[in-house]
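These figures come from a predicted structure and were not determined experimentally.
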Amino acid sequence: MAKHRDIPAYDAQAIEEKWQRIWEEQDLFKTEEDPSKPKRYVLEMFPYPSGDLHMGHARNYAIGDAMARQARMAGYDVMHPMGFDAFGLPAENAAIKNHTQPAVWTYANMDTSLATMRRMGFSYDYDRLVRTCDPSYYRWEQWLFLKMWEKGLVTRKTSPVNWCPSCKTVLANEQVVDGRCWRCDSVPERVELEQWYLKITDYAQELLDGLDTLTGWPERVKQMQRNWIGRSEGANIAFALADDAGEPTEETFTVFTTRPDTLFGATFFLLAPEYPGLDALVLPEHEAEVAEVKAIAEATSAFDRQATEREKHGAFTGRYVVNPVSGRLLPIWVADYVLTDYGTGAVMGVPSGDERDFQFARKYGLPIPPVVVGEDDPLYEELKDVTGLEVMDVPWESAMAAEGRLVQSGPFTGMKGGHGSEAVRAIIDWLSERGLGEAKVEWRLRDWLISRQRYWGTPIPAVHCPKCGIVPVPEDELPVVLPATLDLAAGETLAECPEFYETTCPVCGGPARRETDTMDTFCDSSWYYLRYLDPHDDQGPFTRESVGRWMPVDNYIGGIEHAILHLLYSRFWTRVMRDLGLFDADAAEGELSEPFTNLLCQGMVKDEHGDVMSKSKGNVVPPSSVIGPYGADTMRMAVLFVAPPEKDFNWDPNAVAGCNRFIKRAWRLVFELAPEGWLEAADEIDPAALSGEAAKLNRSLHALGLRCTRDFDRGQYNTAISAMMELANAAGAYLSAVAEGERDAALTAKVARALVALLAPICPFVTEELYHEALGFEGSVYDEPWPAFDEAQTVTETVQIAVQVLGKVRARIDVPRDIAEDELEARALEAVSRQLEGKTVRKIVSVPGRLVNIVAT
RNA sequence: GCCCGAGUGGCGGAAUGGCAGACGCGGCGGUCUCAAAAACCGCUGACCGCAAGGUCGUGUGAGUUCGACUCUCACCUCGGGCACCA
C-alpha cells in the first residue's frame, strides 16, 4: 500500500557535486568497447582553449551529451571523446602580454575548461583526452605530413600569398574572409614568398562528388562547399599572335572560357597586368599606358577587394591575335579585371556575352557584335540567318543573358547557345579537331597553404641542407619538439632560436638548418577524431582495428563557422589517409572517405536583444551565471529547450527560470508517484484492467513516451522536452484527480521511472539522484535501459472526429473507435445539419479516427 | 549578379497533405499567506456578439486537392554563402 512520504528539497548544488564526484570515482563514462552492441560515435567540435567555456560551447556539448547518453541507454556502444585544439596565435599573444610561455596559458585554460565540462556533467571518456599541443599528438601529425610528402601531396611554391602584418604570418585563401584576416581583421598584404602547400586541388573533383553522398549534412553547408570548390566547365582555346602582316604566327595564347559558343563575338583579347612576358609584347608607343594600368592593378590588389562596382582599366598593347574561328584580328589589351591566378591569365573579350567585357567595350569604344540572341529579341528576326559579322553594335544596356540562339556565327548559326549548350559542344569539337582547343574544367579551389611563421604550432618536419636541398626529417627522429625557452615577449621567433634550427642533414650529415615554419592549426583539427580512437598509441596515429570499429563519426556537432575550412580540410585528410593505405578497405561498408555521416550545425546563442555575445560588447552571459543559482541540469535543459538545435536563439533569463521550475516540479512529482517500497509493488500492469483516470494516464505515458523517443532519435530536443512536460502534466492531473489511497501504485511508479529515464540524457544529475533516492535503485540511471512504449496502449475506446463542411471544421463528435463508416457519416451529417440546410451533399470524405469532410453546395 | 535557407500569437516555438498555435515564457484572474515569495488552479491569436455562435487568420498572389503552414509556380522580406572566377 502506498504510503505518504516526505519530499526532500531539491538542492541542485549538493546533488550535482555529489554525483560529479561519484561518477569520477566510478569512471562511469569510460567507453564500453562491447563489440556485441552496435557502435555510435558522437563527436562535438573540440574547443580552442581561450579561457573558460562560453554559452556556445555549453549548447554544443549539451546537444552532444544528450545524444551520447540517450544512445548508451538505447543500447549502443558509445564513443564520446573530448579534447582541445590547443595550438594557435592567441596563446602567443597572451604569452607576450604576461611574459610567460604559450604552454602555460594554454594548459591553465584547458584545466579551467575541463573543470567546467565535468561540472556540466558531460559524459566524456576523459582517458581519451587529446591536446594537439602535446608532442604525443603532433608527433603523428608530423608523421602524416611525411607520408603525404612521400606521396607527392606536399609542395613548396613561390607565389603571391596573403601576409597578415598584424599576425605576422601568411594565411590560407580560406582564412582571408571578406578581404580581411579571419582572426584579426587586418587587410593582408600580397607578397611573393616560397611556402609549403598541401595539394588539396588533386582532390577537388572527389571532394565535390562526395558532397552528394552526404545525406546527413545540412544543404547550406554542402552548398557552401560547392561554392568554395567552384567547378567550372568550359574550354581552353588557343589564339595565335598575329605578325605585322596580320598573319598568325607560331606563338599562341591560351584562354579559358565557359562560353565557347560566343567565340565569334570575341572582338578583343585581354591579358592580366601580371601576365608573364607581357612587357616584351608591348609596342614602345603603348608602354606608358600599359605601365599605368599595371600600377593601378598593383595598388588595387592591396586594397579591400570588396568593392562591387569596380572601374575597369585597360590599355592597348599595339599587338593582335587571330580569332581561331572568324579569322578576325583582335587587339590585345591589358586589363586590370583579368585575374592572374584563375584560368590562364588571358581572356577573350566577348562584350555581347559577358557583362564585364560589355562595360569594358563601351568604355574603350570596342565593337559589340551580337552572337547569342534570345528568340524573343527583335534582333533575332533580323539576324537569324546571318552567318558573317555584319552588325557590330547592339541596342542593349548590358550583355545578353545566357539563353538564346547563335547568330553571326558561321556554320554554328542557329544553334542553341548558353552554358553546356549544343553550340558549346559543337565549337569545342570543331576546335579539338584542328588542335586549337579542348574541353577544360577550372576550379576556384586553390592548394592549401599550410606553413605559418609562428611559434605555437606543429613544427614542419623538414631540414634545409645547403648540399642536399630540402629533406624530410626521418621518421625515427620524430617528434620535432618545440623548444620551451623562447622569449616571445622579447620578440624572439623560432627562426632566431639556434638550439632549435641548428641541426645536421639527415642525408649527408653536414650542418643544416631546420625548417622553422609551423603548420596551420587547421591541420591539427583535420584528423583529431581519429586520434581519439587510440590516443595513447605510440606505434602509430591510430590503429586499423579502431578505425574499422568506430569510423565514420555518426554524429558531428559544431558551429556553422566551420562549414568550409575545418570540414573541407577534414574531408580532404580522410581521403589522403585512405589513399595512404592507413585504413582497411572494408568490403561491406566501402572504404572510408567521408569522416562525418551526420552533421548538425547548432545555432548561435545571442544576447536578449539578438546581438552576438562578445567581450568587447560586454554582453556575455557565462555558463557559470546559470550553474551558480540553478545548477548544471537547468543550464543543460535551457539550451536544449528554448529552440531547435540548429536555430539561433536569444538568451532569455525567464526561459531559464522556467526550466528550473520544471525540474523542481518533476522532482516532487517523482517522489509522489513512486511510493516508498514501490519496487515490491511494481507488478506488471494489465492495460485492459485500467479504467478512468488510470487508463488515461497509461495512454499518455505510452503516447508521450513514443513521441519523446522519436524526438530524441531525430535530435529535436526542444520537442522531446515538451513531451516530458506533457507527461508531467498528465501525471499531475492524475494525482489531483485521484485521492492518495486510491491510486494505482504500479502505474504511477512506472510513470515515475519513465520520466526519470526520459529526462536522464538532458538532466543527468537530478535524474541520478531521483533514480536512487526516490526510486530506490542501486546502479546508475545511465545504465538504465531506454524505456519501451507500446503503440497499442495509446488507443482509446472512443475518438473525437472533426466534422468539416467544405474543409471548415463545424463540429466535433465522439464516436467509438471501430465505428462503421456509414454510421460515422450519418452521425457527422447529423452534427452539422444546421450548416447543410438548403444544400446538397455532393461527396463525403472520411478519414478514420480523424475527420469527416462533407462537400455540400 | 549567382546559389542556399527561412518567414506561424506579445515572445521562443509545435504541427506524416487532415481539428493551426502543442510545450514553455510573458500577461490577466484566483487559491494559500498577516504580507510577500514559492507553489498550485483557471483564462490568454484577432475581430463581431449579452450569449449561442460567427468571421478572419501561418509573408503576398495564383494553382493542385474533398481538404494546404505543409505540395507547385511567381513575387516580397529577412538571414547566410560565393563574387571582376571569364
Side-chain angles (χ1 to χ4, degrees), chain A residues 177-178 218-232 234 255-259 262 266 270 300 305-312 335-339 341-350 353-357 359-360 398 401-402 442-445 560 563-564 608 638 641-644 646-659 661-662 664-665 668 704 707 711 716 718-729 732-733 736 800-812 834 842-856:
Chain A
V177 180
D178 294 339
E219 193 52 44
R220 62 179 171 148
V221 173
K222 290 191 278 186
Q223 204 53 45
M224 279 192 228
Q225 294 213 353
R226 281 190 198 105
N227 280 345
W228 190 263
I229 295 167
R231 185 181 198 273
S232 290
V255 302
F256 173 73
T257 177
T258 56
R259 295 294 305 276
T262 64
L270 302 164
T300 7
R305 295 182 123 206
Q306 274 285 78
T308 7
E309 282 293 299
R310 233 178 294 164
E311 170 88 24
K312 291 168 179 48
D336 62 352
Y337 71 95
V338 179
L339 305 173
D341 53 1
Y342 184 81
T344 60
V347 174
M348 63 181 195
V350 184
D354 181 279
E355 188 53 33
R356 295 153 300 179
D357 295 344
Q359 286 171 16
F360 191 80
S398 63
E442 275 291 333
W443 303 89
R444 214 195 69 99
L445 186 70
I560 187 74
I564 296 172
E608 284 177 73
F641 178 62
V642 81
E646 67 280 359
K647 279 197 76 168
D648 288 355
F649 72 76
N650 299 351
W651 187 252
D652 178 2
N654 286 320
V656 179
C659 289
R661 205 173 298 150
F662 173 71
K664 287 195 277 190
R665 182 164 142 75
R668 286 191 307 271
L704 293 166
R707 224 166 77 192
D711 286 344
Q716 292 290 323
N718 55 330
T719 48
I721 294 168
S722 308
M724 294 176 209
M725 288 173 167
E726 285 185 71
L727 181 56
N729 290 346
S736 55
Q800 194 179 64
I801 301 287
V803 182
Q804 298 183 330
V805 178
L806 287 170
K808 283 189 181 4
V809 179
R810 294 299 175 182
R812 291 170 225 276
R834 214 162 59 82
R842 308 279 174 196
K843 188 176 177 186
I844 299 176
V845 181
S846 304
V847 183
R850 287 187 183 273
L851 57 70
V852 174
N853 188 17
I854 297 163
V855 184

With syn defined as a glycosidic angle within 90 degrees of 0 and anti as anything else, the base of B:G9 is syn
So if I take every side-chain heavy atom of [X] and compare against [options], which nucleotide ends up nearest?
X: A:V809; options: B:A20, B:A86, B:G18; answer: B:A20
X: A:Q804; options: B:G18, B:A86, B:C66; answer: B:G18
X: A:N227; options: B:C84, B:G81, B:C85; answer: B:G81
X: A:R850; options: B:U16, B:C85, B:G5; answer: B:U16
X: A:P644; options: B:G13, B:G18, B:C3; answer: B:G13
X: A:R444; options: B:C84, B:G80, B:C82; answer: B:C82
X: A:N853; options: B:A86, B:G81, B:G18; answer: B:G18

message = Under 4.0 Å from OP1 or OP2 of B:G12: is there any side-chain N or O of A:K647 that close?
response = no
A:Y342 side-chain N/O to B:A86 phosphate OP1/OP2 under 4.0 Å:
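Answer yes for this pair, as a side-chain N or O of A:Y342 is under 4.0 Å from OP1 or OP2.
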When all nucleic acid strands are considered with a 4.0 Å heavy-atom cut-off, which category describes [X]: base, sugar-phosphate, or nothing?
X: A:P218; answer: nothing
X: A:V347; answer: base
X: A:R220; answer: sugar-phosphate
X: A:Q800; answer: base
X: A:V338; answer: base
X: A:D357; answer: nothing
X: A:V855; answer: sugar-phosphate
X: A:R226; answer: nothing

Pairing partner of [N] (Watson-Crick or G-U wobble, both distances under 3.5 Å):
N: B:G5; result: B:C78
N: B:C43; result: B:G27
N: B:C84; result: none
N: B:G49; result: none
N: B:A68; result: none
N: B:G61; result: B:C73

Row check, A:Y337 ring normal vs A:K312 NZ/CZ: under 6.0 Å, within 45°: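 Positive - A:K312 is close enough to the ring of A:Y337 and near enough to its axis.
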Decide yes or no, distance alone: a donor-acceptor N/O pair under 3.5 angstrom between the base of B:C84 and the side-chain of A:K312.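 Pair found.
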Contact string for nucleotides 22-29 of chain B, one letter per nucleotide 5' to 3', B = base within protein heavy-atom range under 4.0 Å, S = sugar-phosphate only, - = neither, reads BBSSS---
Given protein heavy atoms under 4.0 Å, the one-letter contact record of nucleotides 51-59 of chain B, with B base, S sugar-phosphate only and - none, is simply --SSSS---
Checklist entry - Does CZ in A:R231 sit with more than 12 non-hydrogen atoms of other residues, nucleotides or ligands closer than 6.0 Å? => result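 Check passes, neighbour count above 12.
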inquiry  = Measure CD1/A:I844 against C1'/B:G67 and give the value in whole Å, please.
reply    =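 Those two atoms, CD1 and C1', are 15 Å apart.
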To the nearest 0.5 Å, how far apart are [atom1] in [X] and [atom2] in [Y]?
X: A:R220; Y: A:N227; atom1: CZ; atom2: CG; answer: 14.0 Å
X: A:E442; Y: A:T258; atom1: CD; atom2: OG1; answer: 10.5 Å
X: A:L806; Y: A:N853; atom1: CG; atom2: CG; answer: 7.0 Å

